[in-house]
Undergrad: 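My questions will all concern the structure given below.
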Amino acid sequence: MNPDDRDGYNRQPLMNNNARVRYAPSPTGMQHIGGVRTALFNYFFARSRGGAFVLRVEDTDQSRSHPEALQDIYDTFEWLGIAADESPRTGGPYGPYVQSERIDLYRRYAEELIAAGRAYYDYTSVPRDEAPRGANSRDDVAEEPSESNEKGTAGAYNFEGRHLSPEEIEKRKAAGVVPVVRLLIPQDGKTEFNDLVLGTIKRKNKDLPPDPILLKSDGFPTYHLANVVDDHLMEITHVLRAQEWVPSTPLHLLIYEAFGWDPPEFAHLPMVMGKDGSKLSKRHGSTSVVEFRRQGYLPEAIMNYITLLGWSYDDSREFFTREELEELFSLEKINKAPAVFDYRKLDWFNGQYLRELPEDRLVGELMPYMEAEGWTSVPAERADRERLRALLPLIRERLKVLGDVVPLVRFLFEDVTEWSAEELIPKKATARDAGRWLELAWAVVEKIGLEDQDAVDQALRAAAEEIDTKVGNLLMPLRVAITGSSVSPPLVGSIRELGLERARKRVAGAQAVLERAATSD
RNA sequence: GUCUCCUUCGUCUAGUGGUUAGGACACCGGGUUUUCAUCCCGGCAACGCGGGUUCGAUCCCCGCAGGAGAUGCCA
């Protein structure tokens with residue numbers, strides 16, 4: 001078709017430029033890991049090719065679409081820092097980008113297919129009486145492991161609508177039956193295509209769902225019709241989507257063929273699974289990006305980790321900024337096999353990023369958690385930020401997620417009024433020992449003061465040596481007295497942040513507990 | 001059931017017709033440390049099975065097994 005391709009020279013530029021890809025979520029639930037991974041791959045692919053990334057909202061299921069879900073798509077994109085070149089919000093030359101605003105289009109194209117004899121009105125089908133699944137996203141629905149078998153066969157369409165007599169049609173029309181539009185699928189032959197990730201895939205036409213519905217009786221298109229029409233109209237060149245779409249791709253190809261359109265390239269992405277190997281869902285743990293966000297994962301950690309689910313760069317590198325991925329991403333490195341989502345590795349990534357974060361930014365990210373505990377003025381003031389900043393050295397390397405800050409600094413913002421004797425007393429020691437050690441340790445602190453932390457440190461060590469015991473024995477009772485816990489940030493720094501005055505009271509309180517324990521021995 | 005896809009350490013993955021099959025997380029051990037954490041060092045651990053092709057297969061082909069997905073007027 002290209003007059004220049006006689007010499008075979010002009011094919012290359014076509015491959016490299018003008019790539020147009022899209023992410024086409026349906027606003028039925030919060031954006032989840034799998035969806036976002038697809039979005040990311042599309043985005044990176046577009047950027048790496050200098051192409052366009054389109055966001056299209058597929059809200060053709062009226063009953064399951066929700067405005068909050070739509071908002072969540074935008075929020076998630078913004079949080080991750082990925083911008084669509086064309087979207088419902090930014091607009092673009094191929095809009096509208098919301099399918100519910102395009103229904104006339106689908107109807108018109110469905111009619112075109114009917115006129116061409118490639119589709120037909122079916123008056124025999126009635127909607128499933130099954131109640132719609134309601135407001136929940138698919139992931140929220142508990143699966144019944146054993147019911148899957150009957151599904152395919154039970155209510156399968158058997159082409160009766162294909163040859164209904166005119167009289168019969170009139171009768172049903174009169175009775176108020178609203179027809180659906182079905183694609184006429186030739187039962188012989190096969191459809192095959194070359195998937196950019198998977199290679200050649202073929203499927204016999206008779207194995208496809210029998211004459212699938214294109215237009216529902218409510219006038220809305222099904223995914224199959226809408227996605228083909230829109231991808232064509234929006235001049236999408238590459239469809240990158242999850243592997244769960246592989247089985248219906250031949251169907252889509254048949255639709256392209258019926259219209260006489262050239263189909264785009266397809267690249268089916270490996271799915272994201274839970275620990276047990278089934279599609280990642282609620283019961284595996286958090287799945288939506290907002291949830292991770294709330295718990296205190298950083299966007300760069302999420303992005304980095306998710307991108308590595310089914311894609312790799314080489315044999316060792318695993319840290320990538322968004323900018324780097326925009327350049328380095330390539331289809332060739334996509335894996336075929338599904339990937340299991342590993343929450344622990346995500347934690348590790350997050351910890352790594354947390355430790356690298358500039359102070360200002362870390363303080364900013366942490367502040368909402370402090371506010372939520374009521375430990376700052378609301379809104380937080382400069383003094384609150386400075387206070388937190390001072391705590392950073394004490395807590396930073398102890399954070400896996402931002403929310404971890406709360407238990408770590410609680411002792412500074414809330415009174416400690418109870419001490420457990422068991423924690424106060426080091427192993428193999430008596431309450432009396434602990435009491436003495438606590439007294440001694442505190443005496444050292446009082447004597448040296450808190451100006452010079454190293455000096456306190458030294459003095460404590462010296463004191464321990466003098467009475468011939470481990471520093472730990474000296475410090476543990478003091479740590480528990482100060483923080484109320486045997487696990488805490490570094491002691492001297494903690495006391496310093498608490499202040500001598502408050503620390504003194506806590507030591508006294510703990511001392512009382514030890515005395516009581518000693519006498520009851 | 002049928003159809004489609006997939007198969008390297010527990011997990012994410014690199015890799016080649018001849019490698020001690022590499023890295024990371026997790027795990028285990030050791031070190032630093034004041035608890036926890038960080039950090040450092042070390043260790044454990046994989047080519048699903050059976051046939052071919054080949055001088056030689058983890059890699060190529062076939063079969064099997066296992067897993068997943070699809071089978072909706074959901075996407």
Side-chain angles (χ1 to χ4, degrees), chain A residues 24-26 28 58-61 63-65 122 125-128 130 132-133 137-138 148-153 155-157 178 180-182 195 198-199 201-204 206-210 212-218 220-224 226-227 241-250 268 270-271 273 275 277-279 305 308-318 333 335-349 351 355 395-400 404 408 423 457 460-461 464 470-476 478-480 483 485-492:
Chain A
S26 61
T28 55
E58 308 218 331
D59 58 343
T60 54
D61 187 335
S63 62
R64 301 203 314 143
S65 296
D122 168 29
S125 300
V126 290
R128 298 187 145 214
E130 240 178 63
R133 276 166 160 198
S137 83
R138 278 177 292 171
S148 55
N149 281 5
E150 303 94 58
K151 258 195 192 167
T153 47
Y157 176 69
V178 182
V180 295
V181 174
R182 285 183 185 274
D195 188 279
L198 263 17
I201 291 169
K202 26 183 166 255
R203 199 169 173 190
K204 295 190 191 73
K206 70 174 171 58
D207 291 331
L208 256 13
I213 292 175
L214 261 22
L215 214 55
K216 309 181 231 180
S217 52
D218 66 0
F220 277 75
T222 58
Y223 171 82
H224 305 302
N227 128 315
R241 62 192 353 175
Q243 266 176 26
E244 55 187 330
W245 292 108
V246 170
S248 44
T249 302
H268 287 96
M271 310 233 305
M273 316 302 247
K275 183 103 193 130
S278 66
K279 198 153 76 161
Y305 177 64
L308 260 16
L309 252 25
W311 181 85
S312 63
Y313 180 66
D314 61 15
D315 62 344
S316 56
R317 181 167 177 192
E318 56 183 356
K333 304 293 287 182
N335 221 61
K336 293 180 180 192
V340 174
F341 188 88
D342 185 350
Y343 290 86
R344 290 180 301 185
K345 186 146 188 181
L346 204 218
D347 280 348
W348 177 79
F349 262 109
R355 265 162 243 134
I395 60 171
R396 177 175 218 137
E397 65 210 25
R398 270 158 265 260
L399 301 174
K400 275 205 312 257
D404 288 343
L408 280 169
E423 284 197 286
D457 227 65
L460 250 10
R461 267 170 221 285
K470 293 185 290 186
V471 248
N473 283 340
L474 227 48
L475 296 184
M476 188 51 81
L478 184 53
R479 175 188 312 284
V480 177
T483 68
S485 166
S486 58
V487 175
S488 82
L491 224 208
V492 178

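Heavy atoms only: backbone and side chains are in, while hydrogens, waters and symmetry mates are out. Just so we're on the same page: letters track the sequence lines, and every chain starts at 1.
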Undergrad: Pick the P atom in B/U2 and in B/C64, then give their distance to the nearest Å.
TA: 13 Å
Undergrad: For B/G42 versus B/G23, give the span between their P atoms, rounded off to a whole number of Å.
TA: 10 Å
Undergrad: NA contact type, A/P490, heavy-atom cut-off 4.0 Å: base, sugar-phosphate, or nothing?
TA: base
Undergrad: Could you state the atom-to-atom distance from CZ of A/F341 to P of B/A26 in whole Å?
TA: 15 Å
Undergrad: Take A/V340 and A/P209, find for each the nucleotide of RNA chain B with the closest heavy atom, and name the residue whose nucleotide sits nearer the 5' end.
TA: A/V340
Undergrad: Across the strands shown, which category fits A/P489 at heavy-atom distances under 4.0 angstrom: base, sugar-phosphate, nothing?
TA: base
Undergrad: Would you indicate, yes or no, if B/U13 has its OP1 or OP2 atom less than 4.0 angstrom from a side-chain nitrogen or oxygen of A/K336?
TA: no
Undergrad: Using a 4.0 Å heavy-atom cut-off across all strands, classify A/L308 as base, sugar-phosphate, or nothing.
TA: sugar-phosphate
Undergrad: Out of B/U13, B/C6, B/U38, which nucleotide sits closest to the side chain of A/E397?
TA: B/U38
Undergrad: Heavy atoms only, 4.0 Å cut-off, all strands: where does A/V492 land among base, sugar-phosphate and nothing?
TA: base
Undergrad: Please report the distance separating the P of B/A26 from the corresponding atom of B/G66, rounded so that it comes out in whole Å.
TA: 34 Å
Undergrad: OP1 or OP2 of B/A14 less than 4.0 angstrom from a side-chain nitrogen or oxygen of A/R317, does that happen here?
TA: no
Undergrad: For B/C12, does either OP1 or OP2 sit under 4.0 Å from a side-chain N or O belonging to A/K345?
TA: no
Undergrad: Report the distance from atom CZ of A/R355 to atom P of B/C40, rounded to the nearest whole Å.
TA: 10 Å
Undergrad: Testing the basics here: between A/A226 and A/T60, what is the closest heavy-atom pair and its distance to 0.1 Å?
TA: CB-CG2, 4.4 Å
Undergrad: Could you let me know what B/A70 is paired to, Watson-Crick or G-U wobble, both distances under 3.5 Å, or none if it's on its own?
TA: B/U2
Undergrad: Does A/N335 make a side-chain N or O approach to OP1 or OP2 of B/A14 shorter than 4.0 Å?
TA: yes
Undergrad: Kindly point out which of B/U35, B/U11, B/A26 is positioned nearest to the side chain of A/R398?
TA: B/U35
Undergrad: For A/K204, which contact category applies under a 4.0 Å heavy-atom criterion: base, sugar-phosphate, or nothing?
TA: nothing
Undergrad: Rounded to the nearest 0.5 Å, what's the gap from CG on A/D195 to NE2 on A/H268? Could you check?
TA: 6.0 Å
Undergrad: For B/A37, what is the paired nucleotide under Watson-Crick or G-U wobble rules, both distances under 3.5 Å?
TA: none
Undergrad: Taking only the P atom of each, what is the distance from B/G18 to B/G29 in whole angstrom?
TA: 38 Å
Undergrad: Check the distance between B/G1's C1' and A/K206's NZ and give it to me in whole angstrom.
TA: 14 Å
Undergrad: Let me see the working for A/I201 and A/V246 under side-chain contact (heavy atoms from CB on, under 4.5 Å), right down to the final yes or no.
TA: CA-CA 8 Å; A/I201 291 169; A/V246 170; 3.7 Å; yes
Undergrad: Separation of A/Y343 atom OH from B/C12 atom C1', in whole Å?
TA: 15 Å
Undergrad: Quick one: A/Y157 OH to B/G72 C1', roughly how many Å, whole number?
TA: 15 Å
Undergrad: Within the structure, does a side-chain N or O atom of A/S248 lie under 4.0 Å from either OP1 or OP2 of B/A70?
TA: no
Undergrad: Of the options B/C36, B/C12, B/A75, whose atoms approach the side-chain atoms of A/V487 most closely?
TA: B/C36
Undergrad: In terms of ring plane angle, is the pair A/Y343 and A/F341 parallel, tilted or perpendicular, where the classes change at 30° and 60°?
TA: perpendicular
Undergrad: Between B/C5 and B/C62, how far apart are the P atoms? Round to whole Å, please.
TA: 12 Å
Undergrad: Between A/D342 and A/K345, does any side-chain N to carboxylate O distance fall below 4.0 Å?
TA: no
Undergrad: Taking any strand in view, what nucleotide pairs with B/G18 in a Watson-Crick or G-U wobble way, both distances under 3.5 Å?
TA: B/C55
Undergrad: Counting only heavy atoms not in A/K400, do more than 12 fall under 6.0 Å of its NZ?
TA: no
Undergrad: With rounding to the closest Å, how many angstrom separate the P atoms on B/C44 and B/C39?
TA: 22 Å
Undergrad: Which nucleotide in the list B/C12, B/U7, B/U2 gets nearest to the side chain of A/L309?
TA: B/C12
Undergrad: Quick one: A/E244 CD to B/C74 C1', roughly how many Å, whole number?
TA: 11 Å
Undergrad: Are any non-hydrogen side-chain atoms of A/R398 and A/P490 less than 4.5 angstrom apart?
TA: yes
Undergrad: Whole angstrom is fine here: how far is it from NZ in A/K400 over to P in B/U38?
TA: 8 Å
Undergrad: Measure the acute angle between the ring planes of A/Y305 and A/F349, then classify it against the limits of 30° and 60° as parallel, tilted or perpendicular.
TA: tilted
Undergrad: When you measure from the side chain of A/W348, which nucleotide among B/G15, B/A70, B/A26 comes out closest?
TA: B/A26
Undergrad: Starting the side chain at C-beta, find the nucleotide from B/A37, B/C5, B/A75 nearest to A/I201.
TA: B/C5
Undergrad: Select one nucleotide: of B/A68, B/C5, B/G10, the one nearest the side-chain heavy atoms of A/L198.
TA: B/C5
Undergrad: Taking only the C1' atom of each, what is the distance from B/U7 to B/G48 in whole angstrom?
TA: 7 Å
Undergrad: Checking contacts here: which listed nucleotide (B/A14, B/G69, B/U35) is nearest the side-chain heavy atoms of A/M271?
TA: B/G69
Undergrad: Can you check the A/W245 CH2 to B/C6 P distance for me, whole Å?
TA: 19 Å
Undergrad: A/A339 side chain: which of B/C74, B/G10, B/C12 is closest?
TA: B/C12
Undergrad: Within the pair A/K279 and B/G67, is there a side-chain N or O less than 4.0 Å away from OP1 or OP2?
TA: no
Undergrad: Under 3.5 Å for both donor-acceptor distances, Watson-Crick or wobble: does B/G43 have a partner, and if so which one?
TA: B/C27
Undergrad: Is A/K216 close enough to B/C74 that one of its side-chain N or O atoms is under 4.0 Å from OP1 or OP2 there?
TA: yes
Undergrad: Which base sits across from B/A65 as a Watson-Crick or G-U pair, both distances under 3.5 Å?
TA: B/U7
Undergrad: Base, sugar-phosphate or nothing for A/G351? Non-hydrogen atoms, less than 4.0 Å.
TA: nothing
Undergrad: Decide yes or no, distance alone: a donor-acceptor N/O pair under 3.5 angstrom between the base of B/C73 and the side-chain of A/S125.
TA: no
Undergrad: Classify A/S217 by what it touches in the nucleic acid, base, sugar-phosphate, or nothing, heavy-atom distance under 4.0 Å.
TA: base
Undergrad: Starting at the 5' end of RNA chain B and moving along, which residue's nearest nucleotide shows up first, A/R203 or A/Y223?
TA: A/R203
Undergrad: Give A/K333 one of three labels, base, sugar-phosphate or nothing, depending on what nucleic acid heavy atoms sit under 4.0 Å from its own.
TA: sugar-phosphate
Undergrad: Counting N and O atoms only, with roles assigned by atom type, does the side chain of A/S217 sit under 3.5 Å from a partner on the main chain of A/V178, one being a donor and the other an acceptor?
TA: no
Undergrad: Have a look at A/G472 and say if it touches a base, only the backbone sugar-phosphate, or nothing, with a 4.0 Å heavy-atom cut-off.
TA: nothing
Undergrad: Any side-chain N or O of A/T222 below 4.0 angstrom from OP1/OP2 of B/C74?
TA: no
Undergrad: Could you tell me whether the side chain of A/D207 and the main chain of A/R203 form a donor-acceptor pair under 3.5 Å?
TA: no
Undergrad: What distance, rounded to whole Å, do you find between the two C1' atoms, one in B/A46 and one in B/G15?
TA: 13 Å
Undergrad: Identify which nucleotide among B/A75, B/U13, B/C73 has an atom closest to any side-chain atom of A/V180, counting heavy atoms from C-beta outward.
TA: B/C73
